[in-house]
Amino acid sequence: MSSIKYQVSLHAPQTHLFEIQCTITHPAPNGQVFSLPAWIPGSYLVRDFARHIVSISATASGKVIALTKLDKNTWQSAPCSGALILSYQVYAYDLSVRTAYLDHQRAYFNGTSLFMRIADQDHLACEVSIEAPAKSFKHWQVATTMPAIKVNKSGYGSYRAANYAELIDFPVEIGELTIGEFKAGGVPHRIVISGKHQADIKRITSDLKTLCDYHIRFFGKAPFKRYDFLLYAAADNQYGGLEHSNSTSLICPRSWLPVKNETVDESCYQDFLGLCSHEYFHAWHVKRIRPQVFADPDLGREAYTRLLWVFEGFTAYYDTLALVRSGLMSQEEYLKSLSKDITRFLRTPGRKIQALNESSFDTWIKLYKPDENTPNAQISYYLKGSLVALAIDLTLRLKGRALDEIMHSLWKRYSQDKQLVEEHEIQSLIQQVTGQNLSKLFKQCVHGTEDPPLKNLFSKFGITFEPDKADINVLRESLGLLLANESETRISNVFSGGAAERSGLAAGDVLLALDNLKLTAKSLKDIVKKKMEGSKFLIHFFRRDELITCELVKETKALESCDLKIKADAKPETIALREAWFKGS
Ligand SMILES: [Zn+2]
């Protein structure tokens, strides 16, 4: 059977242009239709990758073939005889793990950015040939889990994917790479780091092995023959990950990575391990076990599901829990991290507005398109989803069952006959597997906007849930606003029902003076702290270029927060429950 051939050339990194040649041996007789996806699986935003196509042309048997654009992402060639060759340039200068990047430092791409999908031929095998760039890049190497057909020692040469869906599931990293190798569950794994860094690869490799061994034991078997963590070590404000079936693309601050003979910020390093854990868990949960609507989604349009709270929320729950269970994080550190999440949740007024399943359904227009009103109107299905997963787990554990059983059952169904998850199935699956009816919890917390009953649940596990007295934000509490940063007086958020909203202030306003004296971020905080409750301030501010005044009143509304602590003097049976949860037994 013939295959679709793609040739990738990166000979001019300074232009940030990938040159692609795509050969279709048997184009459709009436003209071949082809397109680039609008979105990439795992990231639910229409990105219209075709916007980065700079120029495109086609030939067949040496003759130019006319191309007609059918819609924003789709073209059609004129009928031709012989193989059709498409030649196009893709602009790639976005650090995101969802797109593509090319400069003198590195090349990175996802197939969704570079490879045209050939209509009615996407079942065909795809061959990708990656050409070596100029000699000055002789230290560059290619890293991908796409199966190689014939490559040189740097990894340049040809690769093969079974079909288009697989082709776009193999991100490719090219550059000066630091590679750590290990085996987990008997399967070869690599951590591949690009970007400027001094990371202690030995420690990272060893910790990832511990983590991967844990996840493989949890599910029983690795679902892949090899796995790569492709990490770009970046500046402090960069963070992200995208799951794939046999690899993951990650980006995180290089300052999070341990460096030999330097003090390690363990909490940041645990965030890095948590990111790895999250994407790795996805290799089972969302890449294989997945919503029915993701079986073979049309990447030209949105694929709607109310189940992302199960796929992202459960994954977010297990990502950090796996660190405790595998010994990479202490129980106290875990409770601290959980306390932070619960506090963030309790301080999101939008949790009372948007139901969890709606957050999933509307991700295309809401979660992935946040704005200044997001905290007032939305709740993240990652955050609430992970807390509902926790509530489900603790509820089941009180009855001698566990959420782990649901994961094992989902995996068993998938590995036996590739069974995916129907939209309304999770609640009944829990009942079927554990005999527990959680309809009340689902009605209140999944279909509704109530908070999961964590305080009550934790009390039964010998864990106290108290307010965090140290975590006070005076501007948020007393004025109902947040500033963009420590050095500016620009308002980033105004919270529903707060003093700032009542006074007429809005996100984007720049505060200038309080009671006719110039303001700084620090002086505003100091003054508000000192003044009595009910004090009135005359505020001068700019909205766009208009100078406006208003009266702002100090009206403190205590913010909710959470500080979880292990109760040392709990009863032995309570301690046993708690330990079983921490240990996953
Ligand atoms: Zn995820």
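Counting starts at 1 for both ligands and their atoms, following the listed order. Computation of the quantities below employed the complete heavy-atom set of this structure, encompassing side-chain atoms and omitting hydrogens, waters and symmetry-equivalent molecules. What you see is a predicted model; the values in this text were computed from it and never measured.
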**Q** Sequence neighbours excluded, which residues qualify as side-chain hydrogen bond (donor to acceptor under 3.5 Å, both in side chains) partners of Arg401?
**A** Glu405
**Q** Are the ring centres of Tyr280 and Phe229 closer than 6.0 Å?
**A**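 Yes.
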**Q** About how large, to 10 degrees, is the angle NE2 of His282, then the Zn ion (ligand 1), then NE2 of His278?
**A** 100°
**Q** For the Zn ion (ligand 1), what is the closest N, O or S atom on Glu312?
**A** OE1
**Q** Does Glu279 bring an N, O or S atom to under 2.8 Å of the Zn ion (ligand 1)?
**A** no
**Q** Which residue pairs pass the ring-ring contact (aromatic ring centres under 6.0 Å, His included) test with at least one member in residues 319-363, sequence neighbours excluded?
**A** Tyr304-Phe361, Tyr334-Trp581
**Q** Can you tell me if NZ on Lys440 sees more than 12 non-hydrogen neighbours from other groups inside 6.0 Å?
**A**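 Incorrect, the count does not exceed 12.
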